[in-house]
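In what follows, chains are A, B, ... by sequence order, proteins preceding strands, each numbered from 1.
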Amino acid sequence: MNVLVGLGGSDESDKTLRRTIERTQEVGDELTVAVLEKPETKRSQDEMYDVAARLLENERIDAEIVRLEGDPGSALVNYAEQGEYDQLVIGGGTLSPMGKIQLGPITEFVLLNAPTTVKLVR
Amino acid sequence: MTRTRTYPDESVGSFPSPPSTFEDRDGRAIEVRVPERFDGDALEDVVEMYVEFDPTDRAQGIPPTGRERIETWLEAIADYSVNVVASHGTDAIGHAMLVPDVDDPSSLEDAADAEWELAIFVLQEYQRAGIGTALLEYLLGHASDVGIRRVWLTVERWNQPAIALYERVGFETTGAESFEQEMAIKLE
């Protein structure tokens, strides 16, 4: 399967990438990693790019990493639409102090606009 | 990660303080109180309530289902939460709580320094009887008594009955950019 994973730059992104790599190793998916431009996150786009590159190298995964500029939700969906992807993977939300699952605006945009199957990683 | 939310300019006050007993719209005597400590039997009563809770009314993953997961969830937030419980006879039938949005709740010295997240659940057969509104008012009254000033919550955008309930007691919508609508109130 041809998988595109989108990363913002939060802790949620780290988990999403690690889980996706595990899955890739198990089933031999083709993986592309898209690092999004998302202000107000823990890591800058460059830092997230480096973290992703290091993780892929450590796990010996041969995956393409791309930087996507502009609004993260639409950039990701647009990129998925241009390529031959079977699945788009993004983080599955954060937990509030109460334990409520919270999905952000990017998640909502991707769910409502992506032409492919979307996987949310919890 | 702790972030600062937007709050209404006007603060809201004069909510009633628990304990109290009132009659719901179906004529049932409902007792509202603050457990002295939220552990042992007090916690167990509330766990029982959530075991009975119909999962079709879950919101954003809470309450979890199954006794064990319910206990884990409540125990994780028990120590630093503020709780108000509604009972009918010996059974807990409603629960409203506030949890501080801080990285280390044990170091929180002044309740006014934190933003508190609110959640409220009423057992299905006790809904639409005015208990939710009363429970919410008593929780906010108690919150005010213990020095809490800023309370927020998220609610699914399509859950109009819940949104109407929160608006009735003075919450204002402060964000609606995704599936969850954020609402907040400033207490006197």
So what's closer than 4.5 Å to chain A heavy atoms on [X]: side chain, backbone, both or neither?
X	answer
B/L118	backbone
B/E180	side chain
B/P100	backbone

Check your understanding: Between B/F121 and B/F53, how do the two ring planes meet: parallel, tilted or perpendicular, split at 30° and 60°?
Key -> perpendicular
* To do: Report yes or no: does A/T41 contribute a side-chain atom to a donor-acceptor pair with the main-chain N or O of A/K38 at less than 3.5 Å?
  => yes
Check whether B/W116 reaches the backbone of B/A111 with its side chain - one donor and one acceptor, N or O, closer than 3.5 Å. yes
Worksheet entry | More than 12 heavy atoms of other groups within 6.0 Å of A/E84 CD | no
When the 4.5 angstrom heavy-atom criterion is applied to A/L111 and chain B, the contacting part is side chain
Joining Ile, Leu, Val, Met, Phe, Trp and Tyr whenever any side-chain heavy atoms lie under 4.5 Å apart, the cluster holding A/V51 also takes in A/M1, A/V3, A/V5, A/L7, A/L17, A/I21, A/L31, A/V33, A/V35, A/M48, A/Y49, A/L55, A/L56, A/I61, A/I65, A/V89, A/V121
One option among B/V99, B/L153, B/L98, B/I77 has the most heavy-atom pairs under 4.5 Å with chain A, and it is B/V99
